[in-house]
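Report on the structure given below.
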Amino acid sequence: AGVGSQKDRVVTREEWLRKWELGNIGFHKERGHPLLQKYLDVLLNGRSGLRIFFPLCGKAVEMKWLADMGHSAVGVEVSEQALKEFFAEHSLPYYEEPVPEISGAKRLRSTSGNISLYCCSIYDLSSSIVGKFDGVWDRGALVAVNPCDRQRYASLMITLMEKNSSYLLVAVSYDSNKHKGPPFYVPESEIKSLFG
Ligand code: SAH
């Protein structure tokens with residue numbers, strides 16, 4: 001193990017889809033993340049009606065939580081199953097629409113309109129397709145990105161942010177020689193250099 005050997009490790013799209021099929025989703029939490037509750041004021045900064053982005057969203061319950069507070073939630077996730085489970089588990093009616101700019105992608109949108117989830121790879125998105133965001137909740141996203149894609153991910157995220165936006169990032173500090181993941185170790189120094 002170790003940070004060195006993690007660098008070349010890759011979790012493929014198929015492996016993620018398979019995790020969802022098998023219900024191998026220990027990363028999913030039924031309860032809202034305590035750090036989002038703790039830092040909610042930092043994210044919102046007294047503002048209302050924000051557009052909040054959830055990269056690599058899975059079926060994160062925080063999307064429902066922020067939507068219920070009057071914000072709009074936009075997520076992106078490769079697993080359609082995850083997105084369908086999200087709407088089903090919250091009993092939210094939704095409809096599907098194609099995303100003309102991205103071949104093979106679709107968007108699942110709550111009937112109320114304030115939750116919009118893209119089923120595609122995050123790397124297919126751009127600000128001309130999804131617009132820019134006032135806030136980002138990055139939990140299990142940067143740390144799930146393959147190390148070889150981190151720079152690309154961070155650069156993309158920066159282009160998706162409005163000027164006065166806040167970015168909440170959850171990363172776990174641990175001994176990468178002793179633990180393999182969740183799923184990759186991103187040292188704080190690297191986070192600083194990625195986001196400047
Ligand atoms: N943020 C969520 C899920 C974290 S797990 C939470 O807090 O629960 C990471 C998720 O990213 C998985 O559901 C996986 O299917 C998805 N994923 C992996 N690579 C992706 C990519 N390139 N684009 C979009 N989603 C991706």
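Indexing begins at 1, ligand by ligand and atom by atom, following the structure's order.
The aromatic rings of W20 and F27 stand perpendicular to each other, their planes meeting at an angle above 60°, with 30° marking the opposite boundary. The aromatic rings of Y94 and F87 sit parallel to each other, their planes meeting at less than 30°, with 60° as the upper class boundary.
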(message) Run E15 and T12 through side chain to side chain donor-acceptor pair (under 3.5 Å) and show every step you take.
(response) CA-CA 5 Å; E15 287 172 298; T12 63; 3.1 Å; yes

Quick one: table the atom pairs, ligand 1 N or O against protein N or O, below 3.5 Å, distance rounded to 0.1 Å.
from: ligand 1; atom 1: 1 (N); to: L56; atom 2: O; distance (Å): 2.9
from: ligand 1; atom 1: 1 (N); to: R139; atom 2: O; distance (Å): 2.7
from: ligand 1; atom 1: 7 (O); to: R139; atom 2: O; distance (Å): 3.4
from: ligand 1; atom 1: 7 (O); to: R139; atom 2: NH1; distance (Å): 2.8
from: ligand 1; atom 1: 8 (O); to: R139; atom 2: NH1; distance (Å): 3.2
from: ligand 1; atom 1: 13 (O); to: W20; atom 2: NE1; distance (Å): 2.9
from: ligand 1; atom 1: 13 (O); to: E77; atom 2: OE1; distance (Å): 2.8
from: ligand 1; atom 1: 13 (O); to: E77; atom 2: OE2; distance (Å): 3.3
from: ligand 1; atom 1: 15 (O); to: W20; atom 2: NE1; distance (Å): 3.4
from: ligand 1; atom 1: 15 (O); to: E77; atom 2: OE2; distance (Å): 2.6
from: ligand 1; atom 1: 22 (N); to: S121; atom 2: OG; distance (Å): 3.2
from: ligand 1; atom 1: 23 (N); to: I122; atom 2: N; distance (Å): 2.9
from: ligand 1; atom 1: 25 (N); to: V78; atom 2: N; distance (Å): 3.2

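A salt bridge does not link K106 with E97: every distance from a Lys NZ or Arg NE/NH1/NH2 to an Asp or Glu carboxylate oxygen is 4.0 Å or more. Salt-bridge check for E96 with R107: failed, with every basic side-chain N at 4.0 Å or more from each acidic carboxylate O.
The salt bridge (Lys or Arg N to Asp or Glu O under 4.0 Å) test applied to E21 returns R18, not counting sequence neighbours.
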